[in-house]
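Below: one structure, written as structure tokens.
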Amino acid sequence: MWKIADREVNSRLLIGSALYPSPDIMCKAIRASQSDIVTVSLRRQTFDGTAGEQFWNLLKELNINILPNTAGCHSAKEAITTAQMARELFNTNWIKLEVIGDDYSLQPDPFALLEATQELCAQGFEVFPYCTDDFVLCEKLLAAGCRILMPWGAPIGTGKGLMNPYALKQLRQRLPEATLIVDAGIGAPSHASQAMELGYDAVLLNTAVASSNKPIAMGEAMGLAVQAGRLAYEAGIIQEQETARPSTPTLGTPFWHQDSTP
């Protein structure tokens, strides 16, 4: 059990609801991952018509926390309006804030992101900003009222893992009180585990599970990887050494002497 914002959850894996082959597989994969938080794009889902209502009913049956997402927004104004709509529709002040600055890399626009964050925090939102691993930006987002930051591991959907582990490690060390979640770019369970071993509080992913050959099995694998990484971090990972060190101490080791006398 750990606390994120004002809620207690069991899993440190946050999972997306897009790209799955079917709604049924989506539900089974999310359950297999044991995630307690699912992200939903307001732009992708609609509450008008049968399809939107069926999707919403499926999410409610999962009985987990909903984290609405401003995916696809390209300006602060657009993101703020989308967040306001999401609060009314999903009855939550949580919002995963995305403001895309570059359509090629899907890199967030740091200036628009900060502007939208300042306004939404003033309106009482719990903002989960999707940002780069830039320390100065992260500091300003915290000053704007965020308690949670979600720096990317790699561009969305690339599956490249942690492109800059040094920067992520520095963020963790320099922002010890903030809740830090690696968001985007996770492609394999080892990537998720690596993020957790750095001391990150959680991992958010979607494509790695939804687009795999077996989403249900991959959902389970990601959930276990996050658990393993967190346990390793809490246990204390040994420091790398430049030379070999025997696991069996020399002291007390038996020695045999072969008598060469004929």
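Below, each value reflects all heavy atoms present in this structure, side chains not excepted, and no hydrogens, waters or symmetry copies.
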Practice task
Among Thr70, Asn69, Thr39, Thr82, find the one that has a side chain to side chain donor-acceptor pair (under 3.5 Å) with Glu98.
Solution key: Asn69
Return the minimal non-hydrogen interatomic distance between [X] and [Y], and the atom names on each side.
{"X": "Ala178", "Y": "Arg172", "result": "O-NH2, 2.8 Å"}
{"X": "Ala79", "Y": "Cys73", "result": "CA-SG, 3.7 Å"}
{"X": "Gly229", "Y": "Ser193", "result": "CA-OG, 3.5 Å"}
{"X": "Cys146", "Y": "Pro129", "result": "SG-CG, 3.8 Å"}
{"X": "Asn93", "Y": "Arg87", "result": "CA-CD, 4.2 Å"}
{"X": "Ala232", "Y": "Glu197", "result": "CB-CG, 4.2 Å"}

Completion exercise
Using a 4.5 Å side-chain heavy-atom cut-off and chaining through intermediate ILVMFWY residues, the residues clustered with Met150 come out as Trp2, Ile4, Val9, Leu14, Ile37, Leu67, Trp94, Phe128, Ile148, Ile181, Leu204
Side-chain touch [X]/[Y], heavy atoms, less than 4.5 angstrom:
{"X": "Met163", "Y": "Thr158", "value": "no"}
{"X": "Pro68", "Y": "Ile95", "value": "yes"}
{"X": "Phe135", "Y": "Gln170", "value": "no"}
{"X": "Pro165", "Y": "Gln194", "value": "yes"}
{"X": "Gln107", "Y": "Thr132", "value": "yes"}
{"X": "Asp201", "Y": "Arg12", "value": "yes"}

Handout entry: Residues forming a side chain to side chain donor-acceptor pair (under 3.5 Å) with Glu139, sequence neighbours excluded
Key = none
Problem - With sequence neighbours excluded, residues passing side chain to side chain donor-acceptor pair (under 3.5 Å) with Asn65 - result: Arg7
From [X] atom [atom1] to [Y] atom [atom2], the distance as rounded to the nearest 0.5 Å:
{"X": "Ser17", "Y": "Leu62", "atom1": "OG", "atom2": "CG", "value": "9.5 Å"}
{"X": "Lys77", "Y": "Glu115", "atom1": "NZ", "atom2": "CD", "value": "11.0 Å"}
{"X": "Leu97", "Y": "Thr117", "atom1": "CG", "atom2": "OG1", "value": "4.5 Å"}
{"X": "Glu177", "Y": "Leu180", "atom1": "CD", "atom2": "CG", "value": "10.5 Å"}
{"X": "Leu168", "Y": "Leu198", "atom1": "CG", "atom2": "CG", "value": "6.5 Å"}
{"X": "Asp36", "Y": "Asn63", "atom1": "CG", "atom2": "CG", "value": "9.5 Å"}

Side-chain polar contacts of residues 207-225 - donor-acceptor pairs under 3.5 angstrom, sequence neighbours left out - could you list them?
| residue | atom | partner | partner atom | Å |
| --- | --- | --- | --- | --- |
| Ser212 | OG | Val209 | O | 2.9 |
| Ser212 | OG | Lys214 | O | 3.4 |

Using the test salt bridge (charged side-chain N to carboxylate O under 4.0 Å, His left out), find all partners of [X] that sit at least two apart in sequence or belong to another chain.
{"X": "Arg230", "answer": "Glu234"}
{"X": "Asp6", "answer": "none"}
{"X": "Lys28", "answer": "Asp24"}
{"X": "Glu126", "answer": "Arg147"}

Out of curiosity, does [Y] fall in the hydrophobic cluster containing [X] (side-chain heavy atoms, cut-off under 4.5 Å, transitive links)?
{"X": "Val99", "Y": "Met85", "value": "yes"}
{"X": "Tyr20", "Y": "Ile186", "value": "yes"}
{"X": "Leu106", "Y": "Leu114", "value": "no"}
{"X": "Leu149", "Y": "Val127", "value": "yes"}
{"X": "Ile156", "Y": "Leu13", "value": "no"}

Problem - Worked check of side-chain contact (heavy atoms from CB on, under 4.5 Å) between Cys131 and Cys138 - result: CA-CA 8 Å; Cys131 57; Cys138 288; 4.0 Å; yes
Problem - ring-ring contact (aromatic ring centres under 6.0 Å, His included) partners of residues 163-216, not counting sequence neighbours, each pair once - result: none
Practice task
Can you sort out the partners of Ala143 under side chain to side chain contact (heavy atoms under 4.5 Å, CB included), two or more places apart, ordered by chain and number?
Solution key: none
Problem - For Pro110, side chain to side chain contact (heavy atoms under 4.5 Å, CB included) partners two or more places apart - result: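 By the side chain to side chain contact (heavy atoms under 4.5 Å, CB included) rule, Pro110 matches Leu137.
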Practice task
Check the side chains of Asn10 and Gln34 for a donor-acceptor pair under 3.5 angstrom, ignoring hydrogens and angles.
Solution key: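 Their side chains do not contain a donor-acceptor pair, so the 3.5 Å distance test is not met.
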Problem - ring-ring contact (aromatic ring centres under 6.0 Å, His included) partners for Phe125, two or more places apart - result: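 So Phe125 forms no ring-ring contact (aromatic ring centres under 6.0 Å, His included) with any residue.
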Practice task
Ignoring hydrogens and angles, tell me if any N or O in the side chain of Asn206 forms a donor-acceptor pair with the backbone of Ala18 under 3.5 Å.
Solution key: yes
